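Heads up, the thing below is written out as structure tokens.
In this text the structure is predicted, and so the values were computed from the model without any measurement. All chains are named by letter (A, B, ...) in the order of the sequence lines, taking the proteins before the strands, and each is independently numbered beginning at 1.
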Amino acid sequence: EPTKVAIGYPPATDFLAAYVAMDQGIFAKHNIDATMVKIPVVSNIPSAVVSGSIQIGMTTIPVVLQANDGGLDLVLVAGAARHTKEHPFISLLARSDIKYTKPADLIGKTVGVPGINSVIDVMFRKWLVNNHVPLDKVKVVEGPLPQLPDMLKSASVDYVAIVDPLRTRIVETKTGDIAAEYFAEVNPDVLVSGWLASGDWVKKNPEAVKGFRLAIDEGLDFIRKNPEEAKFIEKKYIGYNSPSFPTFNNKARPEDLTFFLNVGKELHLYRSQLDPKKIVVP
Amino acid sequence: MRRLLLGAIIPVSSLVAWETSSRTGLLTLESLSRPSDIVVAGYVALRDGSLLLATLQTCETALFGLAIATVIGIAVGTILGLVPTAERVAGPTVEALRPIPAIAFMPLALMMFGFGVGLEASVVAYACVWPILIVTIAAVRAIEGRLIEVAAVLELPLWKRMTKIVLPAAFERINIGLRVSAAISLVVAVTVEIVLNPRGLGYNLILAEQSLQIGLMWALLVWLCLLGYVLNLVLSHVGRGPTAIWRPL
Amino acid sequence: MQALRKNPVAVRPVGADRPALSISNLSVRFGARTILESINLSARKGEFVCIVGSSGSGKTTLLRVLAGLVRADEGKVLFEGTEISGPSRDRAIIFQDYSKALLPWRTVRGNVALSLEARNVPAAEQEAIIAELVARMGLSHAKDQFPNQLSGGMQQRVQIARCLAQDPKLLLMDEPFGALDAMTRQTLQDEILQLVADKHIATVFITHDLEEAIYLGDRVVVLGGSPASAVESMEIDLPRPRNQLTTREDSRFLAYRHRLFEFLVHERSPLAPQRKGQD
Amino acid sequence: MQALRKNPVAVRPVGADRPALSISNLSVRFGARTILESINLSARKGEFVCIVGSSGSGKTTLLRVLAGLVRADEGKVLFEGTEISGPSRDRAIIFQDYSKALLPWRTVRGNVALSLEARNVPAAEQEAIIAELVARMGLSHAKDQFPNQLSGGMQQRVQIARCLAQDPKLLLMDEPFGALDAMTRQTLQDEILQLVADKHIATVFITHDLEEAIYLGDRVVVLGGSPASAVESMEIDLPRPRNQLTTREDSRFLAYRHRLFEFLVHERSPLAPQRKGQD
Amino acid sequence: MRRLFDPIKLAALGFALLLLAAWQLLADAHLISPIFFPSPLRAFAVLQQRVADGSLWLPLAATSLRMTVGWLLASVIGIALGAAIGSSRLARNLLDPTLEFIRPLPASAVIPVAILFLGLSNKMSIAVIAFGAIWPVLLASVHGFSSVPLELTNVSQVLGFGRWDFLRKIAFPSALPDIVAGLRVSLAIALILTVVTEMQSSLPGLGWDIFSAQRFYRSADLYAGLIMLALLGFAANHLILLLEWRVLRWRDLRT
Ligand SMILES: Nc1ncnc2c1ncn2[C@@H]1O[C@H](COP(=O)(O)OP(=O)(O)OP(=O)(O)O)[C@@H](O)[C@H]1O
Ligand SMILES: Nc1ncnc2c1ncn2[C@@H]1O[C@H](COP(=O)(O)OP(=O)(O)OP(=O)(O)O)[C@@H](O)[C@H]1O
Ligand SMILES: [Mg+2]
Ligand SMILES: [Mg+2]
């Protein structure tokens, strides 16, 4: 009797392993009757999991922490992608007519991010702090991700902190240039995204959790062996191809969370004491 | 014919201006595609059936929510309109609930209903009920007092009083509330789909946006307007129904 | 100034002298202004009471109290032994502003049908009743017209038809023939007389036409003063059935008319401050 | 059936016999129904024309044509030599359903002021004019009341005041005294007569009261038939100024009344199909 | 105002308290996780704390200002357009189809375009608010101006009023009850759109506070924000009601 699992995902390459597992029938092999639900707004995924509309959903690490801070019983069942210095895909871009030399140049400027308190924003602020730029001297505004290039072009913002494929596209269209690899500068190797489920569900369905993890493993194997076919599947599920794949990583460890917990503490993001060990499913 | 021509002046000229300015390079924004690209994208979506399915899903929920709002709005509105004391007692609470954006209740609705029709329809109903309620109260209060007295003297029971006097007399005005709410129902249904509910036009819209298919996104928006236009046309024809005959010219 | 009541002449059926309607010590105020004060009036079953009085004296207000549409601030109004606390189908009222009292979205037929619907008359029987009433009012040719396609007098008659369709026990009429020509008016006067005699219902009838009041009424009440009260109540002792030619030529008719006219000339009129001195 | 016109008695000032108003061959249709057919009528400057006719015969329609509110389907209507093509401030009209003709959001004062505003009378002068007109109509005490706080007759009088404030050259009145009591009515009749004589303006006056028509008019026109036309035009040869007591007792007054009554009895009334046979 | 203990006002207060009590009972029953559905006591506690530390006033002022300006803009344009469309056939034929077509455009779709042209500014949010809030008052004005009673139109014609005088003295007062009803609906929509634009374009205000609370699953904060919106909407509406009471007094004097 296969377990029915609805998997929520946003259109991002981080989760390619799951698309592949779905596409290649790997989930079925591991006794999971999976359906994929595309959820455009990442911050909705925890609510969708809690409401039971989906059983497993993808999210970024800060969101997992926020949800737990709010009191939701959500746990990380697997990792998805890491951001590494060798292979960056999140950067700070300056409008083409702006000459950026040092972090202090940002003082008095407006920076567009795809979501306040998103992983991109949290890391950006941590970077400002690291570089001794006062947070209240930089205006951080939120805009819809696909609009950020146009906002940059029309001078609504001076900088954007943005993720691929738009990152690359802005550079290609000469709308802006990469100013700083701020993400990698803060932490050269960090887990940014992972798979989420409710603690309750995980307790009741240990087999399904195990199956899911195995399926993701196999999916990653497939990607390594068939990068071209994986690109085809990527396009099929999210509508476009990223310039390159991120560093996939399906193992989530408590240490990965500790980094963001500390950042959050520094930026006063959380109100409660969170225990990373309880949030990551061993 | 003349009317059609007159009505076409503004839309046609703005479309031409848009197309030419983006072709001549006056307008080079990526998220604003050209009218011609939009038509092509729309045609493709229409051909593969995805557009019609999404339309059906959106309309179904929007109308369902609107129907709930209409029934509640008119029923409560007529009572509050006819009984000033009731209006003064319940009015302040209504006024406090009215400005709360329905979207704020989405997480709550999600917990109650999960993804699907219930989630969306309940949010739509919440948003739509207020205009209908307010306009109905005003419409009922604007009814010629003599007619209410006629109903009182004839001792019409509540139901007959509603169907024979109050609703026909207030119909045209209530219909304005309905038309406002019909547009709102579409807007809110689409918004819920954009933000949360994975179905319908709004979902397709945000997916098109997220996957950077700007032409398709605009095509969906135009299609949405078309849908609202048709819905409004239907409602304003219904509105002319029983009452228009006696309306002086 | 309250006039002495004569004993009614015994031309009415048995039981007719039990008061169907009795108003005692009625006062009505609008805000700070007192419109009606200490009105005392009663009507027997089947009695036809006409009310005259100057414009703005409070006739309509009195009628609306009887209909239950205006609440008395003081005093008691009893109809058939029970106090009037609100409108009732038993008490039909013909409003003075006829153009506002018809449902504009219903035809003549539909407007008359409203009363029948209120009485739950089966649909099959309605048509015949409507046809008869509409014919009585001389509107057969306009049955399918909407109120705003009718002349003032026609609207007035539609309202009368609707009230009659209500089958009331008390008929309250506020200048119902005001917009009608002399001929139509006379015909309708006789129609109404016939009808209330047949059905034996009490009627309160406001008019500005003194001859009409005398011709129709068993009694003519004059509303006057400020605030208004019933300053005169005149029994009309003319034989029934009445006749447009003979009754109007009756010497008593002329005497009543003279007396009423005299009375009203000396009553204060809003336009005659010089005659009595006004506040 | 067109009656012969007698020569008018020369009690009017010079120039009075040039027709101020002339209607020739007028027809009006509503949809397929013809309401007025081939109406011919003219009025001299300063002439007072009264129109009588059964309910629904088309009197109001005729008046609305004169006001320019209804377009003639055939024929010509000239006022002071130019064709009437639309409404004008020179031709004031008092509407039959007074309850709808006042602005409900303006007080009595404000409703009368409307006409003055239309004439661009300076604000400083308005108050005096309003006070005078309102007093004439006996409404001084109600100056600050809203229309729905007024009795029917009071609304009627506000409308008259508003029309007079318009300072018209032609006065069109549709049953203006219909809702007034006999006393007020007589006073206002004399007021109006005085006024039109002073200002020497032509008047078309619709009434159902034959005595009123004779008392006021230089001529009484009977509208009748179906479709309606002017079936009778009777010159009233009574001396002016008229007097409520002497004029009404004049033997000619009674004779006119008799003739008019006779005439109307034989005209078809909507309620008298048996008399002539109706469509 | 005169009587402090007007029984109707007390009843109105009682009614509101009754609903609050029902909310409290529902929340206490834990049918829905308190993380998404807090009790009113918790929400009020947050509110109290925000009043105490003063962090409430700035967002409240920003939101009120945006709402008011957007609503005023919508009202002026809506009434003017409504007068034109309701009283002139030419204007109706020219404008109606376009307006009816763009009416169903969701604000959430207008915002991106508005951001492109006006940036992430107050100007942008006000334009979006006005765009969304104009429809109720526009439709109501069109109806009001196009259904002036025939009798009153006749009066105006006979008095020889020009178009402007007709609109000012006859049509506008006659349409006023409709317009006020439209204004009231528009006001609530303006407030809702203020919140939505604040959410979508990270402008400081109650909307942004609510949005952040939602992101952090702080439902008590979220509902505290909603309560503030309710109070703000209630107060603004009360102002319109006072205005309505003044200008439409004649309507309630019915016999
Ligand atoms: N709603 C109201 N508020 C204040 N005063 C009112 C109201 N209704 C009527 N009145 C006043 O009451 C008085 C009597 O009015 P009513 O309508 O009863 O007179 P009426 O005798 O019927 O006059 P008419 O013969 O002119 O119809 C009038 O002076 C009027 O101004
Ligand atoms: N808008 C309309 N559409 C169709 N028929 C109409 C319209 N207005 C009036 N009529 C018809 O025209 C005829 C004359 O109406 P009008 O109002 O002129 O009569 P009237 O002589 O003034 O009657 P009354 O004395 O009752 O006021 C009536 O039979 C009426 O039904
Ligand atoms: Mg009256
Ligand atoms: Mg008439």
Worksheet item: With respect to chain C, which residue among D:G56, D:A179, D:A182 yields the maximal number of heavy-atom pairs within a distance under 4.5 Å?
Response: D:A179
Worksheet entry | Top contributor to chain C contacts, counting heavy-atom pairs under 4.5 Å, from D:S151, D:A142, D:S99 | D:S99
Item to complete: For the pair C:R157 and C:E191, find out whether any cationic side-chain nitrogen is under 4.0 Å from an anionic carboxylate oxygen.
Response: no
Practice prompt. Counting only heavy atoms closer than 4.5 Å, note whether D:Y98 contacts chain C via side chain, backbone, both or neither.
Written response: side chain
Worksheet item: By a 4.5 Å heavy-atom criterion (distance strictly below it), what part of C:Q96 contacts chain D: side chain, backbone, both, or neither?
Response: both
Worksheet item: Are C:F177 and C:E212 close enough that some pair of their side-chain heavy atoms sits under 4.5 Å apart?
Response: yes
Worksheet entry | Distance-only side-chain donor-acceptor flag, C:D250 / C:Y215, under 3.5 Å | no
Worksheet entry | Test log, rule side chain to side chain contact (heavy atoms under 4.5 Å, CB included), inputs C:Q186 and C:R248 | CA-CA 12 Å; C:Q186 290 198 354; C:R248 284 178 196 262; 4.1 Å; yes
